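In what follows, a single structure is set out as structure tokens and then discussed.
Small disclaimer: the values here were computed from a predicted structure and weren't measured. Starting from 1, each residue takes its place in the sequence as its number.
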Amino acid sequence: MKIGFFQFDVAFAEPQQNREAIRAALTSHEFDLMLLPELCTTGSIFFDRHQVSELAEDLYHGPSSQLLQTLAREKSACIVAGLAECYEGQLYNSTLLAGPDGLLGVHRKVHLAPTDQLRFVPGKDFCVYDVQGVKIGVLLCYDIWFEDGLASLKEQGVQIILNPSNFCGEDSLAVIKKAAKDYGVYVIAANRLGMDHDCNTGVRFIGNSLIVDPQGKVLVQGDESQQLRVIELAF
């Protein structure tokens, strides 16, 4: 199975521009499973809840969902991306899983970081999906810091944990590597680059996306530049 990540500098509040960047990158590569960062079409340092509501999408029929499903169908692959979701009047920090036959599922972030808590409501479930005979599950950014999601996915037989992320420090890299080793699974983490806006937040995302094996060994790691990386694993 060819698995990989795409890390890029997300343009804040410019979903169409970000969708075009995703389309251009994924169209030119071959893969079976591709992971994109958290909130990869909007950015994440929102000014207020109203701004989130303007940018959030219906993940079943919205433009980002349609793009990812189209690309997944064209590539005969699974594409997993973090997106801002509006569902039944609530706002979620979510992950969409698109496959060749359409939408596989939606994971809604369970463990909200303090800034998330001002904008989103939490999800509840950790689910496993079958992709080409391999069991995958999602822990969205901060979710991977907590044992409940890791334990739930392991009990369901997960083989690859996908971690769409927006992290700024190397402490997250240590947590990701430890999770892979402690639970004996592959982990793919896709982090973004850049800053959302110059409002003295001091928040800069560091890239360094990585793929870790079940022994905690880093198989591939990005740097702080835009890149799409793919490796092949046997299951």
Side-chain angles (χ1 to χ4, degrees), residues 5-6 8 10-27 31-44 46 49-112 116 119-132 134-143 149 152-153 156 158 160-166 188 190 192:
F5 58 76
F6 175 46
F8 67 108
V10 176
F12 181 67
E14 296 289 348
Q16 185 56 34
Q17 180 178 334
N18 294 315
R19 284 191 289 267
E20 288 304 320
I22 292 166
R23 184 200 305 273
L26 271 57
T27 298
F31 53 84
D32 299 305
L33 175 62
M34 179 59 58
L35 180 63
L36 307 178
E38 179 182 25
L39 295 168
C40 67
T41 62
T42 58
S44 60
F46 302 105
R49 185 176 171 82
H50 176 69
Q51 186 177 43
V52 182
S53 68
E54 291 184 327
L55 293 167
E57 297 183 35
D58 172 358
L59 295 197
Y60 293 88
H61 306 289
S64 296
S65 177
Q66 294 303 307
L67 169 65
L68 295 171
Q69 290 184 63
T70 297
L71 290 171
R73 183 171 60 252
E74 292 173 351
K75 293 290 183 178
S76 296
C78 177
I79 301 170
V80 180
L83 302 167
E85 180 190 17
C86 181
Y87 179 71
E88 294 185 344
Q90 300 284 3
L91 298 174
Y92 294 93
N93 185 345
S94 298
T95 301
L96 179 145
L97 300 92
D101 298 320
L103 187 68
L104 289 177
V106 173
H107 169 76
R108 300 182 175 105
K109 191 174 185 179
V110 174
H111 296 286
L112 298 178
D116 286 329
R119 318 290 186 228
F120 301 105
V121 296
K124 298 178 181 179
D125 302 315
F126 301 100
C127 299
V128 165
Y129 306 87
D130 186 283
V131 174
Q132 297 185 16
V134 177
K135 292 184 177 181
I136 69 169
V138 176
L139 294 176
L140 180 47
C141 197
Y142 200 38
D143 280 340
S152 175
L153 293 180
Q156 296 175 68
V158 75
I160 303 175
I161 290 176
L162 304 166
N163 182 230
S165 289
N166 277 188
I188 312 173
R192 59 164 292 195

## Note on the structure
Nearest heavy-atom approach of Ile79 to Phe31 is CG1-CE1, 3.9 Å
### Query
Rounded to the nearest 0.5 Å, what separation is found between the OH atom of Tyr92 and the CG atom of Leu112?
10.5 Å
### Query
For Lys135, which residues count as a salt bridge (Lys or Arg N to Asp or Glu O under 4.0 Å) partner, sequence neighbours excluded?
none
### Distance, nearest 0.5 Å, that separates CD of Gln156 from OH of Tyr129
9.5 Å
### Query
If you take all heavy atoms of Leu35 and Pro164, which pair is closest and at what distance?
CD1-CG, 3.7 Å
### Summary
Sorted by chain and number, sequence neighbours left out, side chain to side chain contact (heavy atoms under 4.5 Å, CB included) with Asp58 holds for Tyr60, His61
### Query
Backbone N or O of Asn93 within a donor-acceptor pair of the Glu38 side chain at under 3.5 Å?
no
### Query
Under 3.5 Å, is there a donor-acceptor pair between the side chain of Arg119 and the main chain of Val52?
no
## Note on the structure
Pro15 and Leu55 have their tightest heavy-atom pair at CD-CD2, 4.1 Å
### Message
Tell me every residue that passes side chain to side chain contact (heavy atoms under 4.5 Å, CB included) with Ser76, counting only those two or more places apart in sequence or in another chain.
### Response
none
### Query
For the side chain of Ser65 and the backbone of Leu59, is there at least one donor-acceptor N/O pair under 3.5 Å apart?
yes
### Task
Using the test side chain to side chain contact (heavy atoms under 4.5 Å, CB included), find all partners of Glu54 that sit at least two apart in sequence or belong to another chain.
His50
Donor-acceptor pairs are to be reported for all side-chain atoms of residues 80-91 against protein atoms at under 3.5 Å, with residues two or more places apart or in another chain.
| unit_1 | atom_1 | unit_2 | atom_2 | d |
| --- | --- | --- | --- | --- |
| Glu85 | OE1 | Ser94 | OG | 2.7 |
| Glu85 | OE1 | Arg108 | NE | 2.8 |
| Glu85 | OE2 | Arg108 | NH2 | 2.8 |

### Task
Please name the pair of heavy atoms, one in Val138 and one in Phe126, separated by the smallest distance, quoted to 0.1 Å.
O-CD2, 4.3 Å
### Contacts of Arg49 that satisfy salt bridge (Lys or Arg N to Asp or Glu O under 4.0 Å) - sequence neighbours left out
none
### Task
Would you name the heavy atoms of Ile160 and Val158 that are closest together and state the gap between them?
O-CG2, 3.3 Å
### Query
What distance do Thr42 atom OG1 and Gln51 atom CD have between them, rounded to the nearest 0.5 Å?
9.0 Å
### Any side-chain heavy-atom pair of Ile136 and Leu162 under 4.5 Å
yes
### Message
Once side chain to side chain contact (heavy atoms under 4.5 Å, CB included) is applied, do any residues pair with Gln66, and if so which ones, sequence neighbours excluded?
### Response
Gln69
For a quick test of your reading: what N or O donor-acceptor pairs under 3.5 Å do the side chains of residues 96-107 make, sequence neighbours left out?
| unit_1 | atom_1 | unit_2 | atom_2 | d |
| --- | --- | --- | --- | --- |
| His107 | ND1 | Asp125 | O | 3.4 |
| His107 | NE2 | Asp143 | OD2 | 2.9 |

### Query
Rounded to the nearest 0.5 Å, what separation is found between the CG atom of Leu140 and the CG atom of Asn163?
7.5 Å
### Query
Which residues pass the ring pair (Phe, Tyr, Trp, His ring centres under 6.0 Å) test with Phe6, sequence neighbours left out?
Phe8
## Note on the structure
To the nearest 0.5 Å, atom CZ of Phe12 lies from atom OG of Ser44 at 8.0 Å
### Task
List for me each residue that meets salt bridge (Lys or Arg N to Asp or Glu O under 4.0 Å) alongside Arg19, sequence neighbours excluded, and say none if there are none.
Glu57
### Query
Can you name the nearest heavy-atom pair linking Pro37 to Cys40, along with the distance?
O-CB, 3.4 Å
### Query
Could you give all pairs that pass the salt bridge (Lys or Arg N to Asp or Glu O under 4.0 Å) test and reach residues 66-79, with sequence neighbours left out?
Glu30-Lys75
#### Entry: Straight-line distance of Thr27 OG1 to Ile22 CD1, nearest 0.5 Å
11.0 Å
### Task
Mind checking salt bridge (Lys or Arg N to Asp or Glu O under 4.0 Å) for Glu20 and listing every partner two or more places apart, or none if nothing turns up?
Arg23
